[in-house]
Amino acid sequence: MTYQHSFEDGTPCQLPAGKVVCVGRNYVDHIKELDNPVPTEPILFIKPATSLQPFSEPVIVPAYSHNCHHETELAVLVGEKLFCGDRESADKAIAGFGIALDLTLRDIQQGLKEKGLPWEKAKAFDGSCPISPFVKKEQLANPQDTMLKLLVNGAVQQEESTKLMITGILDLMAYMSAFFSLMPGDVILTGTPAGVSQLNSGDRLDLELDGRFRYTVSVA
Ligand code: ZN
């Protein structure tokens with residue numbers, strides 16, 4: 001399986017699939033549900049390009065985990081290089097928006113956290129970032145106040161506005177770009193609101209962005 005970025009409207013996307021730069025603990029209600037401390041600055045981690053897969057492919061939970069959580073997040077497609085950027089240059093660098101799952105092997109992550117070890121085995125495995133086609137930037141009137149919604153087997157599990165992010169999209173991108181060059185084709189994940197829960201084989205996930213863009217993915 002080779003993943004390629006695509007646009008919701010069917011126009012071709014030439015941007016190569018790059019890395020996925022993510023933030024942990026960016027919504028207060030999610031921090032509380034996992035009993036984590038509120039961070040004083042964004043907690044960053046990266047998923048490799050091999051984590052990306054389209055919603056048309058089923059989610060596959062690695063055999064070494066027995067507790068894979070969904071985290072529903074607003075995704076940003078980077079269209080221009082951003083290094084040590086500010087809010088203005090971050091805004092210019094955005095090519096589009098999508099909705100993604102930051103799949104997290106909670107049992108593995110817990111073990112790593114307790115030992116103070118990096119999270120990659122829990123967060124960066126192949127297929128750990130199922131993602132939608134991208135909506136072009138101008139199609140989303142207010143990305144900082146748009147609804148993210150996830151239904152699991154028909155029941156609402158996550159539903160929140162992106163206005164509740166602790167660090168907003170542009171500040172987050174500027175912060176990230178101080179540490180890592182954001183390159184054309186990279187993706188930013190902006191954190192999950194509350195409602196994360198365990199996925200089970202056979203689950204049907206329905207995702208909705210901005211009340212308009214709907215996608216379905218299954219769990220193998
Ligand atoms: Zn996340």
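Fair warning: this is a prediction, and the values are worked out from it, not measured in the lab. Read the numbers this way: they start at 1 and go in the same order the structure lists the ligands and their atoms.
- How far CE of Met183 is from CG of Leu82: 10.5 Å, rounded to the nearest 0.5 Å.
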Could you go step by step and tell me if His70 and Gln158 meet the side chain to side chain donor-acceptor pair (under 3.5 Å) rule? CA-CA 10 Å; His70 57 76; Gln158 296 195 271; 3.1 Å; yes
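- Proximity of a side-chain donor or acceptor of Glu160 to a complementary backbone N or O of Met165 within less than 3.5 Å is not detected.
- The nearest N/O/S atom of Glu73 to the Zn ion (ligand 1) is OE2.
- Residue-level check: among N/O/S atoms of Glu71, OE1 sits closest to the Zn ion (ligand 1).
- Salt bridge annotation for Asp206-Lys149: absent, with no cationic side-chain nitrogen under 4.0 angstrom from a carboxylate oxygen.
- Per residue Asp102, closest N, O or S atom to the Zn ion (ligand 1): atom name OD2.
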